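These notes are about the structure you will find just below.
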Amino acid sequence: MPGGKKETKEYGHASGGWGSVKAVAEVLTREHAALEGGRVLMRQNKPDGHMCTSCSWAKPKDPHTFEFCENGAKATAWDLTDKRVDPDFFATHTVAELETWHDHDLEEAGRVTSPMRWNAQTDRYEPVSWERAFEEIGRELRAIAPNAAVFYTSGRASLETAYMYQLFARQYGTNNLPDSSNMCHESTSVALTAAIGVGVGTITLDDFEKTDLMFFFGQNVGTNSPRMLHPLQDARRRGVPIITFNPIREPGLVRFVNPQSPAEMLTPGATQISTQYHQVKSGGDLAAITGLCKALLEADALALRDSKPGLLDRAFIAAHTVGFESFAAFVAQTEWADIERESGLTRAALEAAAAEYGKASAVIAHYGMGLTQHRLGVENVRMLTNLLLLRGNIGKPGAGPSPVRGHSNVQGQRTVGITEKPELAPLDKLAAQYGFEPPREKGLDTVGACKGIIGGSVLAVIQLGGNLVRSVPDRFAFEPAWRRLRLTVGITTKLNRSHLVHGTVSYILPCLSRIERDMRGDKPQAVSMEDSTGCMHGSHGIARPAGPDLLSEQQIVAGIARATIGDAGPTHSVPWTAWENDYALIREAIAETYPEIFHDFNARMWTPGGFHRPLPARERKWKTKSGRAEFFTPQSLCEDPDVHPIDATTLRLFTLRSDDQFNTTIYSLDDRFRGIKGTRMVVLMNPDDIHRLGLAAGQRVALETVADDGVPRRVDAFEVVAFDLPAGCVAGYFPECNPLVPLWHHAKESHVPAVKSIPVRVVASA
Ligand SMILES: Nc1nc2c(c(=O)[nH]1)N[C@H]1C(S)=C(S)[C@@H](COP(=O)(O)OP(=O)(O)OC[C@H]3O[C@@H](n4cnc5c(=O)[nH]c(N)nc54)[C@H](O)[C@@H]3O)O[C@H]1N2
Ligand SMILES: Nc1nc2c(c(=O)[nH]1)N[C@H]1C(S)=C(S)[C@@H](COP(=O)(O)OP(=O)(O)OC[C@H]3O[C@@H](n4cnc5c(=O)[nH]c(N)nc54)[C@H](O)[C@@H]3O)O[C@H]1N2
Ligand SMILES: [Mo]
């Protein structure tokens, strides 16, 4: 465990500012990447540079000189580091020993440089040639039924790699293509597809210039998509109100100093980001949005009574939607007392927010994991869409839903076929294009894969990025099951827990990072990705590769595919070898499969600002069942209807990211914005709850899940921190709290683990 004494103190400054500059300098220095880092960062998110490996926020066509943020710089430094996990490193440490290391230390050890195979006799990873690795992996995959293998993708791989990977899995014979969005915005994909006929957000960067009001529901912009603070700041300067719903007062949502503006850095001014901040209870959004709608409908009725124009966009509702009456009836019959109790907000506060909404003519609703990672995560997104539909805020300039995506290409991977749902992949097209019969049955998503691994029906897992042993629920059941797998393969840049807890046959296959030069002969290769606003961008790296033995992700996927099913020949026509030598050919193939989105891909990928995929909902064309945008009527206000028993000692735990992590990658143990230093083993509690439960700030406690499935789930050695959050809610860090999440505790339709509403008890440590 990395050292450092735990301290907590309130972060009194705006986000960004000098704190940000200092943090960037520190990480570049620690990773010995200051010189190279500066050169590489200047090309980050530029039309002719590389796309950041951190978040998926949009890249503008006219970038700032420094078009990167503190966390993007950290992600770059993390890959640029001069530390190496090479064959000598593995010769020095057995796997059993490495298992005792902290997650931070594993990744901090540096970049993996050579393909490695685990040796059971020595309990060490040992170097192996790429050809031998591919050959054995291919042999293992051929020896099992295709549906016993799982092909996971974390959201970082490029469009080219993702397209190859799904094609390989399907040619091999399975739709088992879970990905990180299954733990993330799958609630969005399900909800928006049903409501408006596209599974992604409908806004682009231009809409920031035309909007009149923005909502933020459960998204922590200052930490998780900091470059978005720039257009937000511009909008605030135009006087655009921002109304935030979040149980915690996140500094990035409160105030911001642009660290790249010398004028702001030298004067004390900070832009106020949120004009209204509502500390909704975790799991209280369904109620809060019902309250907003109720206040709007009541104000509308009053206006009509006084012969004033109403507040609903009635022409839009009549011409473009179905289901309004049933939804309005639900809202009318819901009592304010229930709304206040479930949301933790007062009627007056919700009316104040609704009054602003009623005045604005173009509204964007940004949201993140605070909505999607609940049992009713899909319904949450549907409710937010209802709110937008009431005033016609979809399909016009400056308005629309804005799911802020996670990983840098997570949205794009789904666009090019990474999905376990056969109906979402162009199977007939692939069949015709490549001359094979793709599997038609539904594959496993992430929760399904976990069940299969625990139940024993899954025998092999290939991870294209990711760290499933840490990121999924029910870790105590998952880890031993993962060890029983026959084959585990990690295609990766760094060492992580999922390589140490491993199967009988286990490989670590190190790949280039996107920031690195990728040469085939003397020809530089480029890749592409889709950002959170549906824009596709080209990307080429300029950094020196971390080692001569590294292959690109495309080469690794091609190598495994060739060894498993062979190169183009009598049974199929995928030219793996040609593709790995020239990515432009992969893009031509993608354009053939998806001509509407990717026509002229190779030319258009360098369009400054990216090229946008067509989204019918932007033109008010609704590809839904009814052919219109669909209102949704909830059953109740309760977001976790089936978690028992709820009593006065049960608290609702939501899991958070710190300012110094990217998912399971822990850059350091500090969380500057929340004032926590030197530890992540904390539970943030409301002072009244601390008192009521007979606990004390600073006390050592254990957290136990409250569920009646007979499985004990407990984590110990946490420390109570008094924090400003609603009574009845507590917060802790992801992934430290993941052993507390039951695997079955997921959104019903989307299967996204409900990691923002875990029922727990906090008890004194024994
Ligand atoms: N630096 C950095 N950037 C990242 C990541 C990272 O780990 N580090 N991860 C990437 C990934 S994969 C993703 S998906 C995104 C995640 O980015 P976000 O969507 O911002 O996800 P979280 O940080 O998990 O939580 C978001 C916010 O939800 C609030 N919240 C919790 N429960 C509720 C609730 O019930 N209602 C409401 N309204 N709010 C709630 C929390 O207080 C928190 O501020 O970020 C991406 N970008
Ligand atoms: N309790 C709780 N659990 C959660 C969440 C939560 O909020 N709370 N959030 C969920 C969300 S939103 C997500 S997206 C998942 C993420 O879950 P995962 O996808 O499993 O995890 P990551 O931490 O994103 O993956 C990190 C690893 O990816 C590898 N990697 C990094 N860069 C590259 C690259 O360029 N190429 C390749 N091949 N590998 C690379 C490195 O080995 C690194 O260790 O976790 C989910 N789990
Ligand atoms: Mo995510």
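The shown structure was predicted, so the numbers you read here are calculated from the model rather than taken from an experiment. Quick note: residue numbers are just sequence positions, from 1. Order of listing sets the numbers, starting from 1, for every ligand and every atom in it.
Checking only distances, Asn220 does come within under 3.5 Å of ligand 1, N or O to N or O. Residue Ser658 has no N or O atom closer than 3.5 Å to an N or O atom of ligand 1. An N or O contact shorter than 3.5 Å links Arg156 to ligand 2 by distance. Polar contact check, Met369 against ligand 1: a nitrogen or oxygen pair lies under 3.5 Å apart. Of the N or O atoms in Asn224, one or more lie within a sub-3.5 Å distance of an N or O in ligand 1. Of the N or O atoms in Leu656, none lie within a sub-3.5 Å distance of an N or O in ligand 1. Between Gln661 and ligand 1, at least one pair of N/O atoms sits closer than 3.5 Å. The distance criterion of under 3.5 Å between nitrogen or oxygen atoms is met by Arg657 with respect to ligand 1. Checking only distances, Arg405 never comes within under 3.5 Å of ligand 1, N or O to N or O. Considering backbone and side-chain N/O of Gly466, one or more are found under 3.5 Å from N/O of ligand 2. Residue contacts with ligand 1: Glu250 is placed with a nitrogen or oxygen under 3.5 Å of a nitrogen or oxygen of the ligand (distance criterion only). Of the polar atoms of Arg674, none of the N or O atoms is found under 3.5 Å from an N or O of ligand 1, judged by distance alone.
Figure legend: Arg84 and Phe89 shown without cation-pi pairing, the cationic atom not lying both under 6.0 angstrom from the six-membered ring centre and within 45 degrees of its axis.
At a threshold of 4.0 Å, the pair Asp660-Arg672 does not count as salt-bridged, since none of the basic side-chain nitrogens sits closer than that to a carboxylate oxygen. Using a cutoff of 4.0 Å between basic side-chain nitrogens and carboxylate oxygens, Arg414 and Asp179 are scored as salt-bridged. Ion pairing between a basic and an acidic side chain is recognised when a charged N comes within 4.0 Å of a carboxylate O; Asp103 and Arg497 show such pairing.
Ligand 2 places these atoms under 4.0 Å from at least one heavy atom of Glu553: 34 (C), 36 (N), 37 (C), 38 (N). Close contacts between ligand 1 and Gly283 involve ligand atoms 34 (C), 35 (O) [criterion: under 4.0 Å to a heavy atom]. For ligand 1, the atoms closer than 4.0 angstrom to any heavy atom of Gly368 are 19 (O). Within ligand 1, counting atoms from 1 as listed, the ones closer than 4.0 Å to a heavy atom of Cys184 are 14 (S). Every atom of ligand 1 with a heavy atom of Phe245 under 4.0 Å away is listed here by number and element: 37 (C), 38 (N). The ligand atoms of ligand 2 that sit less than 4.0 angstrom from a heavy atom of Asn738 are 1 (N), 2 (C), 3 (N). Atoms of ligand 1 found under 4.0 Å from any heavy atom of Asn246, numbered from 1 in the order shown, are 27 (C), 29 (C), 41 (C), 42 (O), 43 (C), 44 (O). Less than 4.0 angstrom separates some heavy atom of Ser282 from each of these atoms of ligand 1: 32 (N), 34 (C), 35 (O). Close approach of ligand 1 to Val280 is summarised as follows: ligand atoms under 4.0 Å from at least one heavy atom of the residue are 38 (N).
Considering Asp79, Thr493, Val410, Val557 only, the shortest heavy-atom separation from atom 31 (C) of ligand 2 involves Thr493. Within the set Cys55, Gly218, Ala754, the minimum heavy-atom distance to atom 27 (C) of ligand 1 is found for Gly218.
Here Lys74 has no heavy atoms under 4.0 Å from ligand 1, in either its backbone or its side chain. Of the heavy atoms in Phe654, only side-chain atoms (C-beta onward) come closer than 4.0 Å to ligand 1. Under 4.0 Å from ligand 1, the heavy atoms of Asn71 that appear belong solely to its side chain.
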ring-ring contact (aromatic ring centres under 6.0 Å, His included) between Phe215 and Tyr357, worked out: CA-CA 9 Å; Phe215 282 113; Tyr357 180 56; 5.6 Å; yes

Steps toward ring-ring contact (aromatic ring centres under 6.0 Å, His included) verdict (Phe217, Tyr367): CA-CA 5 Å; Phe217 277 88; Tyr367 68 92; 8.4 Å; no

Derivation of the side chain to side chain donor-acceptor pair (under 3.5 Å) call for Trp78 and Glu107: CA-CA 9 Å; Trp78 205 241; Glu107 286 211 31; 2.8 Å; yes

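Taking both residues in full, the closest heavy atoms of Asn738 and Arg470 are given as ND2-O, 3.3 Å, listed atom of the first, atom of the second, then distance.
Remark: Ser532 OG to Asn409 CG distance equals 11.0 Å, nearest 0.5 Å.
Residues Thr81 and Glu31 bring a donor and an acceptor atom of their side chains to less than 3.5 Å of each other.
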